Amino acid sequence: MIMQILNIDNSCRRCKGLILTDESTGERYCQSCGNVIVERIEDSRSEHRSFADNPAGSRTGSPTSLAIHDRGLATIIGNVNKDAAGKSLSTSMKYDIKRLRVWDGRSQAHEQVDKNLRQAFSELSKLKDKLALSDTVIEKTAYIYRKAIGKGLVRGRSIQGVLGAATYAACRDAGTPRTLNDVSDAINVQRKDISKNYRMLVNKLDLKMPVVDSINCVSKIASKIGLDEKTKRHALEILRDAKNMEITAGKDPMGIAAAALYISCLKYNVDVTQRAISIASGVTEVTIRNRYKGLRDKLDLNY
DNA sequence: TAAGATAAGAGGGACAT
DNA sequence: ATGTCAGTCTTATCTTA
């Protein structure tokens, strides 16, 4: 329902408004009505294929990325004992090159580390699709994962567990609203493991994580259910008041956002059930009710 | 069928031992 | 390091309108 096929002319089906892309969240949304079209961002980097008028083909080589095990910069020392001019090498030179070759091989393989990265980044590209993550988040995830490997934090833990944690951390850092449950479902690792690894990463790598803002959560939920702009705005007002009264601390931001939206729906007589909001937000109905009660009592709302 | 109530259980932070 | 405690959230079940 909320997902629509993207029009060829890049305009919103509902109101013909211009479609914009939010680089940080990877969401494509309508400029005028806020309707989220599809939560996926295509890789907009240059393509690497040869053209008829450029038979040599590669202009720049493959793009370098942290999310490739060797960053796309692999270099191998060949196995032929010839120099650049094709002449055979001297005996002493052959020896030196042999030594080089050994070390080159070792650095290529990086023993376990390189294997680990290969596997991790293959998982990461699957995650990118499942969670509709932007390139920014992917690079950030790869960066965090590399740091974790470098500190030997992956040893004794599952690759997927740590990668999931790195992904979650990258999302938090980029302000892309993905919950532990989102990541957990996508990578098929128990939520508690991701969360445990996430805290470990934050600790050991001294990551500075911004607190999840319930305001970001509102638009995520609202677009999933397809609520209009007016309802959304009122929910944001409720959130602002709630924050001023300091009744949001220690609560799940997603839960607060869900409750604020629910209240907003009641006010404008929008026919949305707690269940619908619960599914869209990933928090249970009970939690929504609790937050709803809390907000209603503290803010003197009479509906 | 949606909303409200209640209880049991899990996980994590704060704090003391 | 380990244990306890208060507070939060989830799951499950029952009642109410």
Side-chain angles (χ1 to χ4, degrees), chain A residues 1-2 144 148 152-153 155-158 160-169 171-173 177-218 220-222 224-227 231 234-235 238-239 241-303:
Chain A
M1 256 335 259
I2 45 144
I144 294 172
L153 298 176
R155 192 174 296 185
R157 291 178 240 267
S158 77
Q160 307 197 326
V162 179
L163 183 70
T167 308
Y168 177 66
C171 287
R172 292 266 307 244
D173 190 42
R178 300 287 181 276
T179 63
L180 275 172
N181 284 326
D182 292 339
V183 180
S184 162
D185 289 345
I187 202 173
N188 224 355
V189 172
Q190 286 201 5
R191 184 196 127 107
K192 62 175 180 182
D193 290 332
I194 306 243
S195 120
K196 214 180 285 177
N197 285 335
Y198 166 71
R199 273 190 308 279
M200 180 273 298
L201 286 181
V202 171
N203 262 332
K204 305 278 181 181
L205 299 180
D206 282 328
L207 302 177
K208 299 281 176 282
M209 285 298 142
V211 179
V212 176
D213 197 352
S214 45
I215 290 174
N216 290 336
C217 301
V218 166
K220 182 183 176 187
I221 302 170
K224 266 200 182 176
I225 315 181
L227 297 175
T231 317
H234 187 247
I238 295 172
L239 279 185
D241 293 346
K243 276 190 183 172
N244 287 340
M245 297 187 64
E246 296 175 352
I247 52 178
T248 60
K251 312 282 203 302
D252 180 2
M254 197 60 105
I256 303 265
L261 269 173
Y262 179 63
I263 292 173
S264 187
C265 286
L266 288 183
K267 181 180 168 77
Y268 290 116
N269 288 316
V270 181
D271 192 22
V272 170
T273 63
Q274 292 179 355
R275 177 154 185 76
I277 296 186
S278 161
I279 293 171
S281 65
V283 300
T284 62
E285 297 161 70
V286 178
T287 301
I288 293 176
R289 284 197 279 272
N290 289 337
R291 295 291 82 76
Y292 163 58
K293 255 193 299 187
L295 288 174
R296 190 185 50 193
D297 295 347
K298 297 285 181 180
L299 298 176
D300 285 331
L301 303 170
N302 41 351
Y303 33 76

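These numbers come from the heavy atoms of this one structure, side chains and all, not from hydrogens, waters or symmetry mates. Please read all numbers here as calculations on a predicted model, not as lab measurements. So that the names make sense, note that chain A is the first sequence line, chain B the second, and so on, each numbered from 1.
- Remark: A/Lys243 engages A/Asp213 in a salt bridge, criterion side-chain N to carboxylate O under 4.0 Å.
- What you find for A/Met209 and A/Val202 is that their closest heavy atoms are CG-CG2, 4.1 Å.
- Contacts of A/Gly250 with the nucleic acid, taken as non-hydrogen atoms under 4.0 Å apart, involve only primed sugar atoms and P, OP1 or OP2.
- Atom P of nucleotide C/dT10 and atom CD of A/Gln190 are separated by 16 Å, given to the nearest angstrom.
- Side-chain N or O atoms of A/Ser214 include none that pairs as donor or acceptor with a backbone N or O of A/Met254 at under 3.5 Å.
- Between the CG atom of A/Asn181 and the P atom of C/dC9 there is a distance of 13 Å, given to the nearest Å.
- Counting only N and O atoms by type, the side chains of A/Arg199 and A/Ser195 include a donor and acceptor under 3.5 Å apart.
- A/Lys196 has its NZ atom 12 Å from the C1' atom of B/dA10, to the nearest Å.
- Rounded to a whole Å, the NZ atom of A/Lys251 is 7 Å from the P atom of C/dC9.
- Side-chain N/O atoms of A/Arg291 include none lying less than 4.0 angstrom from OP1 or OP2 on C/dT8.
- Among the heavy atoms of the strands lying under 4.0 Å from A/Thr273 are primed sugar atoms or P, OP1, OP2 only; no base atom is included.
- If you measure from atom CD of A/Glu285 to atom C1' of C/dA12, you get 12 Å, rounded to the nearest angstrom.
- Side-chain contact between A/Thr167 and A/Ile187 is absent, with no heavy atoms from C-beta onward closer than 4.5 Å.
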In sequence, state the C-alpha distance, the side-chain angles, and the governing distance for A/Val272 and A/Tyr262, and then conclude on side-chain contact (heavy atoms from CB on, under 4.5 Å). CA-CA 8 Å; A/Val272 170; A/Tyr262 179 63; 5.7 Å; no
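- Separating the CD1 atom of A/Ile288 from the P atom of C/dT11 is a distance of 12 Å, rounded to the nearest angstrom.
- Contact check, A/Thr284 against C/dT10: a side-chain N or O comes under 4.0 Å of OP1 or OP2.
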Taking only nitrogen or oxygen atoms into account, show me every contact under 3.5 Å that the protein makes with nucleotides 4-7 of chain B, one pair per line with its distance.
{"unit_1": "B/dG4", "atom_1": "OP2", "unit_2": "A/Gln274", "atom_2": "NE2", "d": "2.6"}
{"unit_1": "B/dG4", "atom_1": "N7", "unit_2": "A/Arg289", "atom_2": "NH1", "d": "3.4"}
{"unit_1": "B/dG4", "atom_1": "N7", "unit_2": "A/Arg289", "atom_2": "NH2", "d": "3.4"}

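- Looking at A/Asp182 and A/Thr179, their side chains do bring a donor and an acceptor atom within 3.5 Å of each other.
- Rounded to an integer number of Å, the gap from CD1 of A/Ile279 to P of B/dA3 is 12 Å.
- When rounded to the nearest whole Å, the span between CZ of A/Arg275 and P of C/dT10 equals 14 Å.
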